[in-house]
Amino acid sequence: MHPLLPSLAAACLYAGVTGYQGLRLAQRTVPDKRLLLVLGALALIAHGVSLFIQLLSPDGLHLDFFTASSLIAAAVILLILLALHRMPVENLLLLLFPLGCLTVLFAQFAPSGTVPAISEQPGILAHILFSILAYGMLTIAVFQSLLLLLQDHHLKHKHPSGLIKNFPPLQTMESLLFGFLLAGWLLLSASLVSGWLFLDNLFAQHLVHKTLLSVTAWVVFGLLLWGRHQLGWRGYKAIRWTLAGFCLLMLAYFGSKLVREFILHI
């Protein structure tokens, strides 16, 4: 089976549910959470089918730049859809569904890099899984921080829009942000530990930049969580630290992957 059909189906469903949610919010009405869940789940299933075809081959796991981006986006959307029953996170979908649409299209139509297929031991695959989940959870935290920044700005200037009026209280939004950060930091810790245990040399030439940037991001997120617990950090300070750690992490993974696959061709 060719991945074109499920990729297009996923992109259309993501675009459709984004349009529905945006329209309802523009009309200052609350979107139907069940409809968001059903359409999002259908889009995610189609997305998963296309990824399954693109990733798996007799040679191993094909995880090039755009396929990895698509996989992380799917993991992020899955986590939010699972959390939708218990947590007020539906506003995050307004950012995540377009992300899913873009990544599934890029994975289908953009040229692939030169990365070889991954055929490794279970320990290496566990390291990859922890890394993807960590990036996914911290991506959710960044989107949450951007929504928190938007909400705080509108509330301070006393002109909340229809979108802001549908947000949970500011305290709830901050609690969600630090919950996502803690989960992402723990997953990143597991990724670094599994890499140290199962990779031959974390500081090999092709890994040293990724390792150093990932460890620096781990320290930044750890300091942010400590500052929240010990010093009561919140608001703009928490948002700045979140964005700084995320930028380091994206440079560690996507920056090095982009350079290796499309510039150095290694």
Side-chain angles (χ1 to χ4, degrees), residues 1-18 35-85 89 92-93 95-140 143 183-184 187-188 190-191 194-195 198-199 210 249-250 253-254 256-258 260-262:
M1 181 179 178
H2 197 276
L4 177 62
L5 185 59
S7 297
L8 292 177
C12 290
L13 285 165
Y14 282 137
V17 70
T18 300
L35 186 58
L36 290 178
L37 185 59
V38 170
L39 293 177
L42 290 174
L44 188 61
I45 290 170
H47 193 165
V49 172
S50 69
L51 276 171
F52 181 82
I53 300 169
Q54 291 163 343
L55 286 169
L56 298 182
S57 75
D59 299 328
L61 194 68
H62 282 279
L63 201 64
D64 62 27
F65 178 82
F66 292 110
T67 308
S69 303
S70 181
L71 179 59
I72 290 172
V76 171
I77 293 169
L78 175 61
L79 291 170
I80 289 298
L81 290 179
L82 291 174
L84 198 57
H85 290 290
V89 292
L92 284 171
L93 294 173
L95 300 173
L96 294 176
F97 283 148
L99 179 67
C101 180
L102 289 174
T103 56
V104 76
L105 289 175
F106 274 117
Q108 176 60 45
F109 294 109
S112 60
T114 57
V115 63
I118 301 171
S119 180
E120 302 286 356
Q121 299 298 319
I124 303 297
L125 297 178
H127 167 69
I128 294 170
L129 176 62
F130 282 131
S131 299
I132 289 171
L133 290 176
Y135 296 136
M137 186 60 70
L138 292 168
T139 299
I140 295 173
F143 283 146
L187 287 166
L188 183 57
S191 170
S194 60
F198 298 112
L199 291 175
K210 180 179 178 180
L249 202 59
M250 291 303 99
Y253 186 72
F254 289 110
S256 61
K257 199 169 183 63
L258 182 65
R260 289 184 63 208
E261 291 183 29
F262 294 96

Participant: Would you call Leu51 and Val104 a side-chain contact if the rule is heavy atoms closer than 4.5 Å?
Facilitator: no

Participant: Nearest 0.5 Å, please: how far is CG in Leu78 from CD1 in Ile45?
Facilitator: 10.5 Å

Participant: Of all the heavy-atom pairs spanning Ala134 and Gly184, show the shortest one and how long it is.
Facilitator: CB-O, 4.0 Å

Participant: Is there a side-chain contact between Leu93 and Leu84 in this structure, where contact means two heavy atoms from C-beta onward sitting under 4.5 Å apart?
Facilitator: yes

Participant: For the CG atom of Leu71 and the CD1 atom of Ile132, what is their distance to the nearest 0.5 Å?
Facilitator: 4.0 Å

Participant: Can you name the one residue among Leu37, Leu39, Val38 that meets side chain to side chain contact (heavy atoms under 4.5 Å, CB included) with Val17?
Facilitator: Leu39

Participant: Sort out for me which residue in Ile80, Leu79, Thr18 forms a side chain to side chain contact (heavy atoms under 4.5 Å, CB included) with Leu96.
Facilitator: Ile80

Participant: Specify whether His47 and Tyr14 have parallel, tilted or perpendicular ring planes, treating 30° as the upper limit for parallel and 60° as the lower limit for perpendicular.
Facilitator: perpendicular

Participant: What's the spacing between Leu92 CG and Phe97 CZ if we round to 0.5 Å?
Facilitator: 10.5 Å

Participant: Can you tell if the side chain of Val49 reaches within under 4.5 Å of the side chain of Ile53, non-hydrogen atoms only?
Facilitator: yes

Participant: What's the shortest heavy-atom distance between Ala73 and Gly100, and which atoms?
Facilitator: CB-CA, 4.4 Å

Participant: Is the side chain of Ser131 donor-acceptor paired with the backbone N or O of His127 at a distance under 3.5 Å, no angle test?
Facilitator: yes

Participant: Ala43 and Ala10: which non-hydrogen atoms are nearest, and at how many Å?
Facilitator: O-CB, 3.6 Å

Participant: Take Thr103 and Leu99, measure what side-chain contact (heavy atoms from CB on, under 4.5 Å) needs, and give me the verdict at the end.
Facilitator: CA-CA 6 Å; Thr103 56; Leu99 179 67; 4.1 Å; yes

Participant: Is there a side-chain contact between Ile72 and Leu133 (heavy atoms, below 4.5 Å)?
Facilitator: no

Participant: Do Met250 and Tyr135 touch side chain to side chain, with heavy atoms closer than 4.5 Å?
Facilitator: yes

Participant: Run the side-chain contact (heavy atoms from CB on, under 4.5 Å) test on Leu4 and Phe109 for me, step by step, so that the C-alpha distance in whole Å, both residues' side-chain angles and the decisive distance to 0.1 Å come before the verdict.
Facilitator: CA-CA 9 Å; Leu4 177 62; Phe109 294 109; 3.5 Å; yes

Participant: What's the shortest heavy-atom distance between Ala107 and Ser70, and which atoms?
Facilitator: CB-CB, 3.8 Å

